[in-house]
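Since we're looking at a predicted model, the values are computed, not measured. Order of the sequence lines fixes the chain letters, A, B, ..., with proteins taken first and strands second; residue numbering starts at 1 for each chain. The basis for the numbers below is simple: all heavy atoms, side chains too, and nothing from hydrogens, waters or symmetry mates.
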Amino acid sequence: MNQQKHPTPNPDFTNTVTLILGIETSCDETAAAVVQDGRHVLSNIVASQHDLHEKYRGVVPEIASRAHLERINPTIEQALEQSKTTFDQIDAIAVGNRPGLIGSLLVGVSAAQSLAWSLSKPLIGVDHVEAHLYAASLVTRHTDDTPPSRPQYPALGLVVSGGHSSLYRIESPTELYLLGRTIDDAVGEAYDKAAVILELGYPGGPNVDRAANRGQPTTPLPRSLLNKDSLDFSFSGLKTALLYKVRGKPIQRDGKANFERDASSLTHQQRNNLAASFQDAATGALISKVERAIHQMDHAGCRPQSLIIGGGVCANSLLRERVKQLPQKHHDIQVFLPPLPLCLDNAAMIAGLAYEHLRHHRTDELSLPAMATTSGIAKTSCTGKFAHRKALS
Amino acid sequence: MDGNILDNQNLPDIGITEWCGVTNSVEQTEMIAATIARMAHKGDVVGLVGELGAGKTQFVRGLALGLGINPSCISSPTFVIHHEYENADDRPVLVHIDAYRLQGPDELESIGWQPEGGELAADAVVAIEWADRVASLLGNSTLQVDLEHVAEQTRRIKITAKGYWQSRMESLSEALTVYKEVSQQ
């Protein structure tokens, strides 16, 4: 690597510098970032939050790929500008190419392909969900205290977001095995739907969290743990149970089923208590499965050294609290919880994980495809997962 | 098990385009869906309409069962909008779409949807949740399934056939009647 490539932005950085430009468009966020050596986040731009809002007079989060198209170039430009980097200084182009919304993924993948081709740089496709579990290894400029240590392996990974609720056994940043996933709604999706049921408005997750903190979990709601060995999640029953607690019984009216009431007839306190009851059940189910996975990995002779969490639901206050309490019970496990901007969808995690691939000389052809599903999750018969679980137990 | 599982109503002898029933468990809802899936051909569209928690995703799980796909693989595509599932044999694959987050029919085109399904539906049975939000794009041959809350475990299911689905309604209602009779023994 060329030592002169980049003016040392931080005296603590090592002499050998590898700069990767990451691009992420798998869902609603158009994101670009520059990460040095898979560790130091030099810039982390997410367009649908607020960075570009002024420029476009308020970006409405929408999923259409043309929204990504409009935003991708300014986002990449801003990521370079903020990291004081030029295209020439970039060593590789990384892109989240799976899983996600295909039309959206294609925008990022096409941009990355064009850049890699025109700049003659390596192209690296990254799994979005695996990247969420790399976020905890990144250091931002805003980290005021000493940089966090890196996770020790084997580790247990939990990804909790709007689209994912998955547990992984992690042998190294690039070697992950799916242990369990949601069989219906993802936990973030359950939060969003709970917010609709409780009429708490957008954004659902944070609003339910806020209401829950003002209430008490007075209503028992089901925590679906499935069968006793399962590491899969299920949140659909919790959603429906909440619906019935909030809206009462359905009644036939003009041949159409309606409910006897809705959330507007609840007092603030009742609504907050139901939000707290939902939050207690949802996070309780996540923690139960994490503990179950720790036991199973332990039993299989690969006790996790670290618990790594990623995904937007990491922002949830009760989940953070409960996760941080885990080492009291499981002494030798260190918990890695990334700072919030790195929990949400971002491109820094893409560029970060790509460094690990580059380090192992794993780069992709320019024909890198965008894939809606991660192989082994939906577009197959699930056998990979079950075969692996057998190997574990 | 309650006696009256599938409460057939108003079934004329010929030209049936509508069928109504009531299920008392998720499993019964899945059985109806599996029956529909076994009658489905490549390119067929099943539109699901119903409130949160009405059982739309559960219904798709039943469709998977009928298509020879492991139903435990089915999860909600609310966030990524669509999932595709393959099976081991030559039966149609399943494309599972959720229009919950779509702001209009044109956004369905962003996942590669064309009127009548296009390439996305060529080898697949397409199940679309919140189909009422994208109704104008679904084409003229759709089986619409309305799921309504009756009680916590009970759902009213209304099936409405449009286009080529109409020609299968008679055998479909027959198949569902057989199920009812077997269950009542």
Side-chain angles (χ1 to χ4, degrees), chain A residues 26-28 60-68 99-104 106 161-165 181-186 188-190 192-194 196-197 232-237 239-244 247 249-252 256-259 372-373 377-383 385-386, chain B residues 20 22 26 50-58 60-61 64 68-89 93-104 106-113 120 146-156 158:
Chain A
S26 70
C27 205
D28 291 347
V60 184
E62 70 162 311
I63 53 114
S65 52
R66 63 178 170 274
H68 282 298
L101 181 58
I102 196 75
S104 299
L106 276 169
S161 67
H164 307 280
S165 307
R181 51 169 200 117
T182 183
I183 62 161
D184 39 53
D185 298 358
E189 176 184 345
D192 279 352
K193 288 178 177 171
V196 170
I197 292 165
D232 287 335
F233 299 100
S234 170
F235 293 103
S236 175
K239 168 189 74 186
T240 307
L242 177 70
L243 179 82
Y244 276 80
R247 303 191 65 183
K249 289 195 184 81
I251 42 172
Q252 289 285 327
K256 206 152 169 61
N258 282 287
F259 285 88
T373 50
I377 298 185
K379 203 171 176 169
T380 64
S381 60
C382 294
T383 46
K385 180 185 69 169
F386 295 126
Chain B
C20 272
V22 172
V26 165
E51 277 202 61
L52 282 176
K56 296 179 295 298
T57 305
Q58 293 292 350
V60 177
R61 194 163 287 157
I69 295 161
N70 182 350
S72 69
C73 290
I74 306 295
S75 61
S76 168
T78 297
F79 261 71
V80 295
I81 317 299
H82 94 296
H83 283 155
E84 282 177 63
Y85 300 92
E86 285 169 347
N87 54 29
D89 54 33
V93 300
L94 178 64
V95 173
H96 183 187
I97 295 173
D98 192 333
Y100 183 69
R101 297 206 308 152
L102 300 183
Q103 284 165 16
D106 55 329
E107 288 197 348
L108 195 55
E109 290 168 323
S110 73
I111 60 166
W113 182 270
L120 196 63
D146 288 88
L147 295 143
E148 273 180 9
H149 288 274
V150 176
E152 197 150 351
Q153 296 298 323
T154 308
R155 301 289 183 270
R156 183 166 177 266
K158 189 173 113 186

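Atom CZ of A/R247 sits about 8.0 Å away from atom NE2 of B/H149, to the nearest 0.5 Å. With rounding to the nearest 0.5 Å, the separation of CG in A/D232 from OG in B/S75 is 10.0 Å. In this structure, OG in A/S236 is found 7.5 Å from CZ in B/R61, a value given to the nearest 0.5 Å.
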request  = Give the intermediate values and the outcome of side chain to side chain contact (heavy atoms under 4.5 Å, CB included) for residues A/V196 and B/Y100.
outcome  = CA-CA 12 Å; A/V196 170; B/Y100 183 69; 3.3 Å; yes
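Considering all non-hydrogen atoms of both residues, B/A151 and A/P250 come closest at N-CG, 4.0 Å. Pairing each heavy atom of B/L52 with each of A/L243, the nearest pair is O-CD2, 3.4 Å.
Only the backbone of B/I74 comes within less than 4.5 Å of a heavy atom of chain A; no side-chain atom from C-beta onward does. In this structure, chain B has a heavy atom under 4.5 Å from the side chain of A/K239, while its backbone stays farther away. When heavy atoms are compared at a cutoff of 4.5 Å, A/A241 approaches chain B by way of both its backbone and its side chain.
When A/T240, A/D184, A/D185 are compared by the number of non-hydrogen pairs under 4.5 Å with chain B, A/D184 comes out ahead. Per-residue counts of heavy-atom pairs under 4.5 Å with chain A were compared for B/H96, B/K158, B/R155; the largest is that of B/R155.
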